[in-house]
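These notes concern the structure reproduced below.
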Amino acid sequence: MQDTVERALVCKNCNKKIYPEISPAIIVAVTNGDKLLLTKFLSGYEKYALLSGYVEIGETLEDTIKREVFEEVDLSVHNIRYYGSQPWAFSHSLLVGFVAELNEDLTINLETDELSKAQWFSRDTLPHDDMPVSLTWNMIEAFRNNEI
């Protein structure tokens, strides 16, 4: 049954409280000077997006960023800075947004199991979205407006 004080369920037999499980995930705006890296998923969502991924057990958010960037585009980043967060009910997640700078200007080596495209965009060539309600699009707009 629903707990009367907290957001939890309570077992009728033993009174144990069961709290919602949240899977933390990161999104990261990877910058290279005046350029921003955007990707497209292999299937499903068709618009450009920032790199993202789930935090693995025992991993810090910063380690997740470095791992995901390396796994998805074979690049390394530094100067990781927190941007903001957003609940993401679709996957019981908490999206935590960061900005990170590219270590070295190397060729993108795209991981093709999840992504179909990765491309650098200058501020004036960034694609627009007609429904910018997500943290991802807030971050892209902040980059476009030279706020990050």
Side-chain angles (χ1 to χ4, degrees), residues 2-9 17-148:
Q2 182 73 40
D3 187 84
T4 58
V5 178
E6 297 180 288
R7 183 178 279 175
L9 297 176
K17 288 188 180 183
I18 303 168
Y19 295 93
E21 291 184 22
I22 298 173
S23 302
I26 58 89
I27 57 172
V28 58
V30 177
T31 64
N32 183 9
D34 228 18
K35 294 184 222 161
L36 180 66
L37 182 64
L38 297 181
T39 63
K40 281 194 172 188
F41 292 103
L42 192 58
S43 62
Y45 189 73
E46 294 181 12
K47 297 182 180 187
Y48 280 98
L50 299 173
L51 288 172
S52 61
Y54 288 99
V55 178
E56 294 182 357
I57 294 171
E59 201 173 40
T60 67
L61 297 172
E62 296 83 359
D63 287 343
T64 302
I65 291 163
K66 291 175 183 178
R67 177 183 53 76
E68 286 290 340
V69 171
F70 187 76
E71 285 178 0
E72 294 183 1
V73 291
D74 200 24
L75 298 173
S76 298
V77 294
H78 70 283
N79 196 18
I80 297 168
R81 301 170 315 280
Y82 173 77
Y83 179 85
S85 63
Q86 175 185 21
W88 199 248
F90 303 113
S91 59
H92 307 285
S93 304
L94 174 65
L95 285 179
V96 185
F98 293 88
V99 178
E101 295 173 19
L102 185 67
N103 277 355
E104 188 178 0
D105 195 2
L106 299 172
T107 302
I108 294 170
N109 184 17
L110 185 66
E111 183 277 316
T112 56
D113 288 346
E114 298 176 24
L115 300 176
S116 67
K117 190 175 203 176
Q119 180 179 341
W120 292 104
F121 288 90
S122 62
R123 292 179 202 279
D124 59 342
T125 63
L126 282 167
H128 288 274
D129 189 357
D130 52 352
M131 296 263 317
V133 295
S134 70
L135 179 60
T136 300
W137 279 100
N138 289 337
M139 293 173 69
I140 291 170
E141 288 304 309
F143 182 82
R144 181 190 319 277
N145 297 324
N146 208 20
E147 296 167 0
I148 57 172

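Considering only heavy atoms from C-beta on, I80 comes within 4.5 Å of K66 through its side chain. Side-chain contact between L61 and V55: present, with at least one pair of heavy atoms (C-beta onward) separated by less than 4.5 Å. T31 places a side-chain heavy atom less than 4.5 Å from the side chain of L36. K40 is not listed as a side-chain neighbour of Q119, based on a closest heavy-atom distance of 4.5 Å or more. The shortest side-chain heavy-atom distance between S52 and L95 does not fall under the 4.5 Å cut-off.
In terms of modelled atom types and a separation under 3.5 Å, the side chain of R123 and the main chain of F143 share a donor-acceptor contact. The backbone N or O of A8 sits less than 3.5 Å from a side-chain atom of Q2, completing a donor-acceptor pair. Judged by distance alone, with hydrogens and angles left aside, the side-chain atoms of N32 form no donor-acceptor pair with the main-chain N or O of L37 at under 3.5 Å. The backbone N or O of L135 sits less than 3.5 Å from a side-chain atom of Q86, completing a donor-acceptor pair. Counting only distance, with no hydrogens or angles, the side chain of E104 and the backbone of L106 share no donor-acceptor pair below 3.5 Å. Judged by distance alone, the side chain of R144 and the main-chain N or O of P127 form a donor-acceptor pair under 3.5 Å. Judged by distance alone, the side chain of T39 and the main-chain N or O of K117 form no donor-acceptor pair under 3.5 Å.
Here the CD atom belonging to E62 is positioned 12.5 Å from the CZ atom belonging to R81, to the nearest 0.5 angstrom. Taking CD of E141 as the reference point, atom CD of E147 lies at 9.0 Å (rounded to 0.5 Å). Note that the OG atom of S76 and the CD atom of E101 stand 13.5 Å from one another [nearest 0.5 Å]. Note that CZ of F98 is 12.5 Å distant from CG of N79, once rounded to the nearest 0.5 Å. Put simply, CD on E68 and CD on E59 are 7.5 Å apart, with the number rounded to the nearest 0.5 Å. The CH2 atom of W120 lies 12.5 Å from the OG1 atom of T125; values are rounded to the nearest 0.5 Å.
Ring to ring, Y48 and F121 are close: their centroids are under 6.0 angstrom apart.
Closest of all the heavy-atom pairs between V28 and A100 is CG2-CB, 3.8 Å. The two residues L110 and A118 come nearest to each other via the heavy atoms CD1-CB, 3.8 Å. Summarising the geometry of Y82 relative to S85, their closest heavy-atom pair is OH-N, 3.4 Å, with the distance given to 0.1 Å. Nearest heavy-atom pair, R7 versus Y19, reported as atom, atom and distance to 0.1 Å: O-CD2, 3.9 Å.
The number of heavy-atom neighbours closer than 6.0 Å to CZ of F70, taken from other residues, nucleotides and ligands shown, is 12 or below.
Checked options L75, L38, I27, V73; the residue passing with L51 is V73 (criterion: side-chain contact (heavy atoms from CB on, under 4.5 Å)).
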